[in-house]
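All residue numbers in this chain count up from 1 along the given sequence.
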Amino acid sequence: MNHKYHNIRQLTDNPFLNLYEMDAIDTKGGEFHYYFASRNDAQHIKIRTKSMHAEGIVIYAVTIEPQPRLVLIRQYRYPIDEFLYELPAGLVDGDETPGAAAAREMKEETGLDFTEYTGGSAICRRPFFMGPGFTDETSVAVYGTVSGNISDAFVEDTEEIQVVLADKEKVRQILQQERVSVRGAYLMMHFLKSETPFAFLEI
């Protein structure tokens, strides 16, 4: 296979996210500069490793009730200077499993205890690319239930998070009227259409 690039240079040095510049080749053989972001160091960007290891997780979690509610967060996002409705999410640390990462992130962001649901199709637990036009990051969905009490005791100073336990009426209102992340929106749509919280995983 002929590569459609020559060289890749790391332009920044940050522990969480870095910018790379590529000498790319267009369909007519011309060269141009292409830029992308990655959470990986220069030796582990996916163009080099071809790995599908997930850097991130998104957590679809519901309360244990006759009419379960979906755990959402309303979080301030610096790039848009606005609050955005999302599902809890975060990064996988080292050799951590997605389930362990989900339990840790749920505790940090909401104070709630998370129990992973392992039923349904494995298709729903594959890593998928976030936005390959600008990043090589992959993310995986983790599903489960929550218990305990909401608390902001574990939230980092750089995060401003409000926890929302949303029934179907509230989820529908948020989708109609609020700013929502795309991966959160799709999972919220599944919540609305499923007779039971995890029915959509049976595919």
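The heavy-atom pair separating Asp41 from Gln10 by the smallest distance is C-OE1, 4.4 Å. Contact between Pro68 and Val62 at its shortest, heavy atoms only, is CB-CB, 4.0 Å. Across all their heavy atoms, Ser139 and Met130 have their closest contact at CB-SD, 3.4 Å. The heavy-atom pair separating Pro88 from Met106 by the smallest distance is CG-CE, 3.9 Å.
Taking the six-membered ring for Trp, Tyr117 and Phe198 have ring centres closer than 6.0 Å. Outside the 6.0 Å centre-distance limit, the rings of Phe134 and Phe36 are not counted as a close aromatic pair.
Thr135 OG1 to Asn18 CG: the interatomic distance, rounded to the nearest 0.5 Å, is 11.0 Å. Here Tyr20 contributes atom OH and Asn40 contributes atom CG; the two are 7.0 Å apart, rounded to the nearest 0.5 Å. Once rounded to the nearest 0.5 Å, the distance linking OG of Ser181 with CG of Leu84 reads 5.5 Å. Atom CD1 of Ile47 sits about 3.5 Å away from atom CE of Met22, to the nearest 0.5 Å. Expressed to the nearest 0.5 Å, how far CG of Asp136 lies from CD of Glu55 amounts to 6.0 Å. Atom-to-atom distance recorded for Phe32:CZ and Ile25:CD1 is 9.0 Å, nearest 0.5 angstrom.
Aromatic ring pairs are classed by plane angle as parallel below 30°, tilted from 30° to 60° and perpendicular above 60°; the pair Phe200 and His190 is parallel. Using the six-membered ring where Trp is involved, Tyr76 and Tyr78 have ring planes that are perpendicular, over 60° apart on the 30 and 60° scheme.
More than 12 heavy atoms of other shown residues, nucleotides or ligands fall within 6.0 angstrom of atom CZ in Arg183. Around CZ of Arg179, the count of heavy atoms belonging to other residues, nucleotides or ligands within 6.0 Å does not exceed 12. Atom CD of Glu65 sits in a crowded spot, with more than 12 heavy atoms from other residues, nucleotides or ligands closer than 6.0 Å. Counting heavy-atom neighbours within 6.0 Å of Asn149 CG, excluding the residue itself, gives a total of 12 or less. Atom NE2 of His53 has more than 12 neighbouring heavy atoms from other residues, nucleotides or ligands inside a 6.0 Å radius. In Tyr186, the OH atom is not crowded: 12 or fewer heavy atoms of neighbouring residues, nucleotides or ligands sit closer than 6.0 Å.
Looking only at side-chain heavy atoms (C-beta outward), Leu201 and Ser121 stay at 4.5 Å or farther from each other. The side-chain heavy atoms of Leu175 and Leu192, taken from C-beta on, include a pair separated by under 4.5 Å. Within the 4.5 Å cutoff, the side chain of Glu169 has no heavy atoms near those of the Arg172 side chain. At least one side-chain heavy atom of Glu137 sits under 4.5 Å from a side-chain heavy atom of Leu91. Looking only at side-chain heavy atoms (C-beta outward), Tyr143 and Cys124 come within less than 4.5 Å of each other. Leu165 is listed as a side-chain neighbour of Ile150, based on a closest heavy-atom distance under 4.5 Å. Counting heavy atoms from C-beta on, the side chains of Thr138 and Met52 come closer than 4.5 Å. Between Val92 and Ile57 there is a side-chain heavy-atom pair separated by less than 4.5 Å.
Taking hydrophobic clusters as Ile, Leu, Val, Met, Phe, Trp and Tyr residues chained together by side-chain heavy-atom distances below 4.5 Å, Phe114 shares a cluster with Val71. Tyr60 and Ile73 are members of different hydrophobic clusters when ILVMFWY side chains are connected at heavy-atom separations under 4.5 Å. At a threshold of 4.5 Å between side-chain heavy atoms, the hydrophobic network of Ile, Leu, Val, Met, Phe, Trp and Tyr places Phe191 and Leu87 in one connected group. Cluster membership for Val182 and Val164, using ILVMFWY side-chain heavy atoms within less than 4.5 angstrom, is shared. The hydrophobic cluster containing Phe128 does not contain Leu187, counting ILVMFWY residues as joined when their side-chain heavy atoms lie under 4.5 angstrom apart, directly or transitively.
Glu21 and Tyr35 share a donor-acceptor pair across their side chains, judged by distance under 3.5 Å alone.
Of the possible donor and acceptor atoms, one in the side chain of Thr63 sits under 3.5 Å from a partner among the backbone N and O of Arg69. Judged by distance alone, with hydrogens and angles left aside, the side-chain atoms of Lys46 form no donor-acceptor pair with the main-chain N or O of Lys50 at under 3.5 Å. With hydrogens and angles ignored, the 3.5 Å screen pairs no side-chain donor or acceptor of Ser151 with any backbone N or O of Gly111. Judged purely by atom type and a 3.5 angstrom limit, Thr12 has no side-chain atom pairing as donor or acceptor with the backbone of Asn14.
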Please test Val155 against Glu109 for side-chain contact (heavy atoms from CB on, under 4.5 Å), starting from the C-alpha separation and ending with a verdict. CA-CA 5 Å; Val155 176; Glu109 294 189 355; 5.6 Å; no
Glu82 vs Glu178, test: side-chain contact (heavy atoms from CB on, under 4.5 Å). Steps then yes/no. CA-CA 11 Å; Glu82 297 278 359; Glu178 304 291 348; over 6 Å; no
Given side-chain contact (heavy atoms from CB on, under 4.5 Å), test Tyr85 with Ile174 step by step and report yes or no. CA-CA 8 Å; Tyr85 279 91; Ile174 290 169; 3.6 Å; yes
Determine whether Ser38 and Ile45 satisfy the following criterion, side-chain contact (heavy atoms from CB on, under 4.5 Å), listing intermediate values before the conclusion. CA-CA 7 Å; Ser38 180; Ile45 52 178; 3.6 Å; yes
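Salt-bridge check for Asp26 with Lys4: failed, with every basic side-chain N at 4.0 Å or more from each acidic carboxylate O. For Asp93 and Arg104, the salt-bridge test passes: some basic side-chain N is under 4.0 Å from an acidic carboxylate O.
A side chain to side chain donor-acceptor pair (under 3.5 Å) with Arg74 holds for exactly one of Glu160, Glu86, Gln162; it is Gln162.
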